[in-house]
Structures are given as C-alpha cells and as structure tokens.
Novice: 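Structure below; questions to follow.
Just so you know, these numbers use all the heavy atoms, side chains as well, and skip hydrogens, waters and symmetry mates. Order of the sequence lines fixes the chain letters, A, B, ..., with proteins taken first and strands second; residue numbering starts at 1 for each chain.
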Amino acid sequence: VPAAPPAPLGCDDPESEAAAAVAVNYINGQSHHGYKFTVNSIKSIRVVPQGPNNDFIFLELDLLETECPILSPTALENCTVRSFVDHAVEGDCDVKLQKVDGILSVLGSKCDSHADSNEDIRRACPDCPLLAEMNNTDVLETVAAALNDYNSKTTGSYLRLLEIGRGKIQYHPGYIIFTEFAVGATNCSAEEAKANVGACQLLPEDQSNFGFCRAVMVKRPLQDLQVDCQLYGHQVPAPDIPLLSQDTS
Amino acid sequence: SVTKTAVAEAAQHDKVPRPVGFVPPPPPCPGKIRYFDI
C-alpha cells in the first residue's frame, strides 16, 4: 500500500522559508543591476515529488527592494528594506527549485519588478518625491554634476559612472532632485584624470573597486548640490613615484 | 422549499462544536507579509 502523500507545505513553514531564502539569494546573485531584493511574502509553494528524497519545489515570491546596491558587500540580512514612502519597488518571482537529500538548489527563476503607483505614494505622503525616469534630464544633470563635484574634490581614484540606481524628484516645497548611482574606480587619480580623462580605465571587476553615491540637487528656491560617495574597500592607485628615491630634497 | 430545507439541515451538520480555546490554523498560503503590501 503506497504511503499517504505528505501534507502540503504552508507558506510560513520553516521548509518554505528555507526555500525562499535560497531562492532570493540566487535571484540577487544573478542580478548585476539595481538593488538587492528581500522576501516580503511567500505567495504560494508547490512540492512535486520526483522520487525518494527528490522533490521539485515551485515557489511564488513577493519581494521588496532594499537600500543595498547589488554590488554592495553588505549581507542581505543587514540591508534596510526601502520604505513605502521612499517609493518602494516590488518584485514578483516564480522560482523552480530541486531538493535532493535535503539540499536545495535553484533550477530557474523568472522575475518582474514594478514601482508602487504615484497615486499610492501621494495618498500616504502628498509632498514626498516620486521616482523619475532614469533618462530624466534633471536626474542625468544631477548625476553628472555630482560626479564632477566629487572627482574635483577627492584625492583618491577618479570615479566613473556605472549606472544610475534611482532618481526621484520633489516638486514642493522647493524643486529637489534625489539620485543614487553606482560608480567604479579607475586606474587614474582624480588629478591624473584632469590631464587625460580618456586614458582612465575602470579597474578590474572586483567588489573593492565599486562604490555607491547619493546626490541631492536643490534647484529652487536656492541652488545647492550635496554628494556622498561610499567606496567598497577604497583603493587609491599607486603614485608614479619610486618607493626609494635618490632625490633627498 | 425542499431545497431550502436540505441546505438548512446541511448547515446545521457543519456546526461541529469546537473545543474551548481552539484557535483555527492560519491559511497555508499566502504567507505572512513581513514588511508591507504594495
């Protein structure tokens, strides 16, 4: 007599949560753009037995964007979930996993992400800035001005723009543009870049050569620009000066 | 009227007395929302 099939897994069962954790790590690991996502809710789970100690698991996940850029070394557990009024972005993912002898692995995933509607944000916070298109002129202008400003002041590596993560615009009170963007360190110092910026190449794709900047440009009532960049394991290119010099001056 | 009687009787049969302190289990899916729903 065949054994009775096991009771279906609930979405909040520890086994489901373990599968969701493996799935979200896989999804973040596959992504090279934007921000890390975390699990907001397990919408459904289906286990299809394939044999002894061998199951396919189909998961449907509701994810939320965190504030950690995908290139950030911060562990997902330590990433802050982007708040609702910061114009949250949601991800819907279908994930297929396999569990063999208790070991979970992801076979494939399909995700779709979208920002919450402007109307929802307006209802909760009438004056909060709203997400702008990535190619918005004010967003592009702010990022370019911020990077120029940072590079003109830093004594470290000359930074190049990798990608714009977010741009938000506040219309009242004042006209303010909020941007977030990923940068990469080059083999030039900021001083060297002044002479020939075209010769500055991005350093190899190592996490320590990446960084992330936040910039706020106030356009009205008074113009102002603030930039804050964090480099993951900042590396300053070695100066073109020999360590041992004959020159004793 | 016959149908109505049958439905009413069936409804009565469904009313199984619950033990004192019984808390119905949460629905298996979807799971809890950890942060907020958008």
Novice: With a 4.5 angstrom heavy-atom cut-off, which part of Ser16(A) approaches chain B: side chain, backbone, both or neither?
Specialist: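 Neither part; nothing is under 4.5 Å.
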Novice: For Lys32(B), does its backbone N or O pair with a side-chain atom of Asp12(A) as donor and acceptor, under 3.5 Å?
Specialist: yes
Novice: Looking only at heavy atoms, what is the nearest atom pair of Ile38(B) and Leu64(A), with distance?
Specialist: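 Heavy atoms of Ile38(B) and Leu64(A) come nearest at CD1-CD2, 4.3 Å.
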Novice: Please flag which part of Ile42(A) lies under 4.5 Å from any non-hydrogen atom of chain B: side chain, backbone, both or neither.
Specialist: both
Novice: How many angstroms lie between atom CG of Asp37(B) and atom CG of Asn40(A), to the nearest 0.5 angstrom?
Specialist: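 The CG atom of Asp37(B) sits 7.0 Å away from the CG atom of Asn40(A).
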Novice: Do any pairs count as a disulfide (SG to SG under 2.5 Å) and have a residue in residues 9-56 of chain A, sequence neighbours left out, and if so which ones?
Specialist: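 Passing the test, one end in residues 9-56 of chain A: Cys11(A)-Cys29(B).
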Novice: Please report the closest heavy-atom contact between Phe84(A) and Phe36(B), naming both atoms and the distance.
Specialist: N-CZ, 3.6 Å
Novice: Which residue pairs pass the ring pair (Phe, Tyr, Trp, His ring centres under 6.0 Å) test with at least one member in residues 7-33 of chain A, sequence neighbours excluded?
Specialist: none
Novice: Arg82(A) versus chain B, heavy atoms under 4.5 Å apart: side chain, backbone, both or neither?
Specialist: backbone
Novice: Hey, what do you get for OH (Tyr35(B)) to CG (Asp62(A)), rounding to the nearest 0.5 Å?
Specialist: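 Reported to 0.5 Å precision, the distance equals 12.0 Å.
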Novice: Check whether more than 12 heavy atoms from other residues, nucleotides or ligands sit under 6.0 Å from atom CD of Glu15(A), and answer yes or no.
Specialist: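 Not more than 12 within 6.0 Å, no.
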